[in-house]
Enquirer: 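Questions regarding the structure given below will be posed in turn.
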Number of protein chains: 2
Amino acid sequence: MKYTTPYIAPTLTVDAVIFQLIDSALNVLLIRRPNEPFKDSWALPGGYNPVGETTVDALTRIIKEKTGVVIDTDLRYIEQLYTFDTVARDPRGHAVSVTYTGYGREITPATDDAIAFFPVSRLPDLAYDHAEIVKYAHERLISKLSYTNAVFAFLPPTFTLAELQSAYEAIFGHELDKRNFRKKFLSLNLIHETTEMKRTGAHRPARLYEFNTQTLESLPRSFD
Amino acid sequence: MKYTTPYIAPTLTVDAVIFQLIDSALNVLLIRRPNEPFKDSWALPGGYNPVGETTVDALTRIIKEKTGVVIDTDLRYIEQLYTFDTVARDPRGHAVSVTYTGYGREITPATDDAIAFFPVSRLPDLAYDHAEIVKYAHERLISKLSYTNAVFAFLPPTFTLAELQSAYEAIFGHELDKRNFRKKFLSLNLIHETTEMKRTGAHRPARLYEFNTQTLESLPRSFD
DNA sequence: TATACTTAATGTATGAAATACACTACACCG
DNA sequence: CGGTGTAGTGTATTTCATACATTAAGTATA
């Protein structure tokens with residue numbers, strides 16, 4: 001380094017794209033900004049990452065503070081997404097954001113009008129470059145679903161094959177053939193039958209299944 | 001934000017994993033560190049990212065300064081890799097590194113004993129967590145080659161099918177069947193014949209091909 | 001000018017997986 | 001016991017992956 005001026009770091013921030021399924025639709029967690037800039041716009045939850053704290057630790061602390069969601073227990077999967085760093089993305093000054101994406105089920109944020117899940121198909125205008133970040137996270141999620149068992153993070157401990165297929169359809173954004181879906185998914189050996197059935201209406205009950213593992217694994221061949 | 005202390009950002013750094021093929025082997029660009037910490041250890045080229053400069057701009061400036069390699073012209077592809085942020089990764093203090101990986105051919109760094117390409121199969125001990133970063137970049141590269149046309153970045157403008165296959169073999173780390181490789185690759189419609197032949201020794205000359213495009217594209221189906 | 005050398009170029013048969021597609025099974029309710 | 005609504009299943013066709021050996025063509029040299 002040959003600086004003649006002292007080194008000054010950009011601001012470091014963290015943001016999270018937290019997905020879950022609600023009523024068979026993919027939703028993302030947003031907060032309404034209480035302050036300028038972008039006051040009253042919806043935005044991804046996030047905040048400042050100070051020296052001495054890892055991005056995951058900062059994110060965990062901030063998401064808890066701002067939304068009531070506890071990353072370690074409410075999310076069943078989290079991964080780093082991308083680092084966004086265009087100088088002008090924050091009007092207050094150069095801020096580099098390390099973004100994460102997480103998946104869960106039955107995530108219940110603090111009760112507050114300024115905290116809500118929105119279907120990704122019907123997002124409001126978002127602050128900063130957050131629309132771009134959500135789009136990137138959704139693409140990553142689609143891709144992840146096609147070569148890993150990541151769908152486990154969206155489903156309850158036991159689930160029917162119809163629920164499993166519905167999760168794929170909600171995230172992929174298109175329908176799948178029932179027979180082919182079942183044949184292919186069962187051949188991956190990611191799930192096994194339980195002895196339980198799910199009874200819902202005046203019709204035949206559905207077999208409940210569960211995942212062999214709740215940790216991310218790569219598939220032997222891809223899925224779509 | 002509810003800080004009672006003023007916000008202090010971690011140091012932001014950038015590092016690059018630059019790959020090229022040399023003698024049919026995958027090589028990575030390293031520099032020998034002139035200063036503590038890790039003085040005289042080999043390391044990825046990189047440096048400090050000050051406020052007001054994007055990570056790509058900082059990386060471009062730093063890689064030029066430290067290695068003579070010009071990212072915009074010497075590399076034919078670059079992408080962000082991952083952001084490494086464990087607090088203890090730099091003994092001088094908390095430094096968050098945004099890493100990039102780039103691919104090229106005939107990259108010629110400045111002539112200097114402290115700047116060199118090393119085969120990834122025979123790396124020296126690396127400073128910091130750089131061995132982990134190189135491993136991650138290599139995995140990403142293998143994956144990238146199997147679902148995109150990224151191999152174009154490693155090849156000259158025209159090339160033989162044997163050279164193309166050799167590039168895949170060097171990066172994948174295993175051999176491929178010649179007939180199946182040609183059949184499959186040609187069916188992807190990424191390349192076309194030229195009218196030129198490559199004459200090298202006392203044997204039949206090989207047809208030269210070129211890529212239809214020099215920008216990254218996803219393949220309709222994956223390759224391995 | 002023939003032949004030896006070396007790399008380039010090519011095809012087929014088999015098995016595995018992807019796709020397209022429609023009917024029967026079962027439980028509850030009235 | 002018949003009606004309603006979701007669960008569950010199989011086959012035929014096509015596409016793709018894999019395994020594998022011989023001929024083609026140019027140069028060098030005897």
Side-chain angles (χ1 to χ4, degrees), chain A residues 21 23-24 142-143 145-149 155-156 158-170 172 174-210 218-224, chain B residues 23-24 142-143 145-149 155-156 158-170 172-210 218-224:
Chain A
L21 296 173
D23 294 336
S24 298
I142 289 172
S143 160
L145 236 55
S146 67
Y147 69 90
T148 73
N149 63 347
L155 294 171
T158 66
F159 51 86
T160 67
L161 293 179
E163 288 165 348
L164 179 65
Q165 181 176 343
S166 166
Y168 270 93
E169 290 175 335
F172 283 167
H174 61 82
E175 299 197 336
L176 299 169
D177 177 86
K178 181 160 76 164
R179 278 168 299 185
N180 292 339
F181 176 85
R182 287 170 184 227
K183 186 173 9 155
K184 186 163 178 181
F185 202 92
L186 290 171
S187 78
L188 297 172
N189 291 319
L190 296 175
I191 59 175
H192 57 266
E193 283 190 359
T194 69
T195 56
E196 310 291 311
M197 306 296 279
K198 178 162 185 172
R199 297 180 151 74
T200 50
H203 54 80
R204 180 173 177 175
R207 175 70 59 187
L208 285 163
Y209 288 77
E210 64 187 352
S218 289
L219 304 185
R221 58 185 185 280
S222 75
F223 202 95
D224 49 41
Chain B
D23 296 336
S24 297
I142 290 172
S143 161
L145 237 55
S146 67
Y147 70 91
T148 73
N149 64 347
L155 292 171
T158 66
F159 51 86
T160 67
L161 294 179
E163 289 165 348
L164 178 66
Q165 182 176 344
S166 167
Y168 270 93
E169 289 174 338
F172 282 167
H174 60 82
E175 299 196 337
L176 300 169
D177 177 85
K178 180 159 77 162
R179 280 169 295 185
N180 292 339
F181 176 83
R182 290 172 182 226
K183 187 175 3 153
K184 186 164 178 180
F185 203 93
L186 290 171
S187 78
L188 297 173
N189 292 318
L190 297 175
I191 60 175
H192 57 267
E193 283 191 357
T194 69
T195 56
E196 310 289 310
M197 307 293 282
K198 178 161 187 172
R199 297 181 151 73
T200 49
H203 54 78
R204 178 173 178 177
R207 173 71 58 187
L208 284 164
Y209 287 78
E210 65 186 355
S218 289
L219 303 184
R221 57 183 186 281
S222 75
F223 201 95
D224 47 43

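Naming convention: chains lettered A, B, ... in sequence-line order (proteins, then strands); numbering from 1 in each chain.
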Enquirer: Can you list the residues that meet the side chain to side chain donor-acceptor pair (under 3.5 Å) rule with A/E193, with sequence neighbours excluded?
Expert: none
Enquirer: Can you measure A/L208 atom CG to D/dA7 atom P for me and round it to whole angstrom units?
Expert: 11 Å
Enquirer: Mind running side chain to side chain contact (heavy atoms under 4.5 Å, CB included) on A/L219 and A/L190 for me, showing each step along the way?
Expert: CA-CA 9 Å; A/L219 304 185; A/L190 296 175; 3.5 Å; yes
Enquirer: For the pair made of CD in A/E193 and C1' in D/dA7, what is the distance, rounded to whole Å?
Expert: 13 Å
Enquirer: Let me know the distance between CZ of B/R182 and P of C/dT7, rounded to the nearest Å.
Expert: 13 Å
Enquirer: Return the value, rounded to whole Å, for the distance between atom CZ of B/F181 and atom P of C/dA9.
Expert: 12 Å
Enquirer: Partners of B/K178 by side-chain contact (heavy atoms from CB on, under 4.5 Å), sequence neighbours excluded?
Expert: B/Q165, B/R182
Enquirer: Rounding to an integer number of Å, can you tell me how far B/Q165 CD sits from C/dA9 P?
Expert: 12 Å
Enquirer: Treating primed atoms plus P, OP1 and OP2 as sugar-phosphate and everything else as base, which nucleotides of nucleotides 20-30 of chain C get B, S or - for protein heavy atoms under 4.0 Å?
Expert: BBB--BBBBS-
Enquirer: Which residues pass the ring pair (Phe, Tyr, Trp, His ring centres under 6.0 Å) test with B/H174, not counting sequence neighbours?
Expert: B/F172
Enquirer: Write down the distance between NZ (A/K184) and C1' (D/dG10), rounded to a whole number of angstrom.
Expert: 18 Å
Enquirer: Could you say whether A/L186 or A/T200 is positioned toward the 5' end of DNA chain D, judged by the nucleotide with the nearest heavy atom to each?
Expert: A/T200
Enquirer: Rounding to a whole Å, what distance do you find between B/L164:CG and C/dA9:P?
Expert: 12 Å
Enquirer: Holding to ring pair (Phe, Tyr, Trp, His ring centres under 6.0 Å), I want the full list of residues that pass it with B/F223, two or more places apart in sequence or in another chain.
Expert: B/Y168, B/F181, B/F185
Enquirer: With B/K184, which residues qualify under salt bridge (Lys or Arg N to Asp or Glu O under 4.0 Å), at least two apart?
Expert: none
Enquirer: Whole Å only: how far is the CZ atom of A/F223 from the C1' atom of C/dA17?
Expert: 13 Å
